[in-house]
S.K.: 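Okay, handing you the structure first.
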Amino acid sequence: MNEAIKNIKMRRSVRFFEQKKIEKEILQEIIEAGNLAPTGMNAQPWRFVVVESSEFKEKLAKLALPKYKQWLEKMSAEFKEMRKEIDLKVKDPAHYDAPAVIFVIGKGMTRDLDCPMVCQNIMLAARSMGIGSCWVFIGQLVLDNPEIRKEFDLQEDEKVFGPIVLGYPKEGFPEMPLKKEPSVKWL
Ligand SMILES: Cc1cc2nc3c(=O)[nH]c(=O)nc-3n(C[C@H](O)[C@H](O)[C@H](O)COP(=O)(O)O)c2cc1C
């Protein structure tokens, strides 16, 4: 199996992280990989906000927790049960206490198609360097806060993808969850 396929197969969503900073050069390489994603008309309509500072992560955690609880309230009993185990282990269940959180911010006509590919490149590049990642949609729960919007310079015509949490896995890379066989019609 070639290295690229192996890396795709080995990528897993990681939710528990060592409290160890990711080296700057590695983060830059991961962002560069995101930045090289294909893009409609080569528009490259994205920018990145990377959160690493403990104070800022503390702020995210404080804002996320009550919103996460409200959100969880609406979910099924089965989902709530599943989250219990995770929630016991982290302070911020929306950003998983990750050493780095990358918000991919897009605008323009092609952003909905382009930006998820940026996110995928980020997650695959991270995996290739032994770094775990997870796209956390619930990490967006903080984005209606004016202070956060100001810090991110978030404009009305911009949309956030991810965020992607990143860090060295505390419990290794999890087992692959059940994946369906591809549904393919060959013509
Ligand atoms: C668009 C999107 C949103 C996601 N949001 C969350 C999330 O909010 N919290 C979380 O723990 N995982 C989230 N995930 C990760 C998925 O749960 C995960 O990809 C899925 O269970 C398959 O596992 P795998 O990534 O290890 O293959 C998200 C993934 C995607 C693609």
Side-chain angles (χ1 to χ4, degrees), residues 1-61 64 92 94-143 148-155 157-174 176:
M1 199 186 305
N2 76 45
E3 291 303 312
I5 301 287
K6 211 190 280 176
N7 193 52
I8 288 171
K9 290 194 170 180
M10 290 191 329
R11 183 210 55 80
R12 291 276 69 76
S13 289
V14 171
R15 298 180 176 86
F16 307 115
F17 300 102
E18 299 282 358
Q19 289 312 302
K20 176 184 168 202
K21 219 171 143 53
I22 302 174
E23 300 76 353
K24 199 79 179 180
E25 311 74 62
I26 292 185
L27 261 185
Q28 275 163 343
E29 209 164 345
I30 289 171
I31 292 165
E32 169 77 1
N35 203 46
L36 293 175
T39 156
M41 298 174 292
N42 200 26
Q44 303 168 53
W46 54 71
R47 62 187 182 91
F48 304 90
V49 170
V50 184
V51 177
E52 286 188 285
S53 103
S54 312
E55 298 81 56
F56 204 90
K57 281 190 288 178
E58 202 63 50
K59 200 180 281 186
L60 288 183
D92 180 353
H95 308 93
Y96 293 123
D97 310 343
V101 187
I102 302 182
F103 294 79
V104 177
I105 302 173
K107 67 174 174 185
M109 198 164 85
T110 58
R111 69 178 182 194
D112 288 353
L113 305 171
D114 294 338
C115 293
M117 284 194 275
V118 175
C119 295
Q120 175 74 324
N121 272 15
I122 286 174
M123 294 187 284
L124 288 174
R127 179 64 188 93
S128 75
M129 292 185 272
I131 291 166
S133 68
C134 186
W135 177 320
V136 282
F137 176 73
I138 48 177
Q140 294 213 357
L141 291 173
V142 295
L143 292 175
I148 300 292
R149 294 189 72 84
K150 188 161 180 281
E151 294 277 12
F152 284 15
D153 302 317
L154 208 52
Q155 306 299 310
D157 61 349
E158 288 184 312
K159 180 171 164 186
V160 176
F161 296 80
I164 313 290
V165 294
L166 295 152
Y168 291 97
K170 196 175 184 178
E171 302 180 1
F173 288 86
M176 191 190 298

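The residues of the chain are indexed from 1 along the displayed sequence.
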S.K.: If I compare all heavy atoms of Cys134 with all of Ser13, which pair ends up nearest, and what's the gap?
M.R.: SG-CB, 3.7 Å

S.K.: Quick one: pull up OH in Tyr96 and OG in Ser133 and give me the separation to the nearest 0.5 Å.
M.R.: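 Output value for this atom pair is 12.5 Å.
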
S.K.: Please walk me through it: do Val51 and Phe152 pass side-chain contact (heavy atoms from CB on, under 4.5 Å)?
M.R.: CA-CA 10 Å; Val51 177; Phe152 284 15; 4.3 Å; yes

S.K.: Evaluate the ring planes of Phe103 and His95, with Trp represented by its six-membered ring, and classify them as parallel (under 30°), tilted (30 to 60°) or perpendicular (over 60°).
M.R.: tilted

S.K.: What is the distance from atom OG1 of Thr39 to atom CZ of Arg111, rounded to the nearest 0.5 Å?
M.R.: 13.5 Å

S.K.: How long is the span from the CZ atom in Phe161 to the CG atom in Asp114, to the nearest 0.5 Å?
M.R.: 8.5 Å

S.K.: What are the two closest non-hydrogen atoms of Thr110 and Ala43, and how far apart are they?
M.R.: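 Where Thr110 meets Ala43 most closely, the heavy atoms are OG1-CB, 4.1 Å.
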
S.K.: Start with the C-alpha distance between Asn121 and Asn35, add both sets of side-chain angles, then the distance that settles side-chain contact (heavy atoms from CB on, under 4.5 Å), and finish with yes or no.
M.R.: CA-CA 8 Å; Asn121 272 15; Asn35 203 46; over 6 Å; no

S.K.: Give a yes or no answer on whether the side chain of Asp157 reaches the backbone of Lys107 with a donor-acceptor pair at less than 3.5 Å.
M.R.: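 Absent.
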
S.K.: Under 3.5 Å, side chain of Asp92 to main-chain N/O of Asp97, donor-acceptor pair present?
M.R.: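 A pair under 3.5 Å: no.
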
S.K.: Distance only, no hydrogens: is a donor on one side chain within 3.5 Å (strictly under) of an acceptor on the other, for Asn42 and Gln44?
M.R.: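 Yes.
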
S.K.: Can you check side-chain contact (heavy atoms from CB on, under 4.5 Å) on Ile22 and Met129, steps first, answer last?
M.R.: CA-CA 11 Å; Ile22 302 174; Met129 292 185 272; over 6 Å; no

S.K.: Just how far is it from atom CD1 of Ile5 to atom CG of Asn2, taken to the nearest 0.5 Å?
M.R.: 5.0 Å

S.K.: Going from CG on Leu143 to CD on Glu158, what distance comes out if it is rounded to the nearest 0.5 angstrom?
M.R.: 11.5 Å

S.K.: Step by step, would you call Lys159 with Asp112 a side-chain contact (heavy atoms from CB on, under 4.5 Å)?
M.R.: CA-CA 9 Å; Lys159 180 171 164 186; Asp112 288 353; 3.1 Å; yes

S.K.: Assess whether atom CZ of Phe56 is packed by more than 12 heavy atoms of other residues, nucleotides or ligands within 6.0 Å.
M.R.: yes

S.K.: Exactly one of Lys57, Lys20, Lys24 should register a salt bridge (Lys or Arg N to Asp or Glu O under 4.0 Å) with Glu52. Which one does?
M.R.: Lys24

S.K.: Which heavy atom in Leu124 sits nearest to a heavy atom in Asn7, and how many Å separate them?
M.R.: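 Leu124 and Asn7 have their closest heavy atoms at O-ND2, 2.8 Å.
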
S.K.: Does a side-chain heavy-atom distance below 4.5 Å link Met10 with Phe173?
M.R.: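 They are not in contact (no side-chain heavy atoms under 4.5 Å apart), so the answer is no.
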
S.K.: Just how far is it from atom CD1 of Ile122 to atom CD of Glu29, taken to the nearest 0.5 Å?
M.R.: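 It comes to 13.0 Å.
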
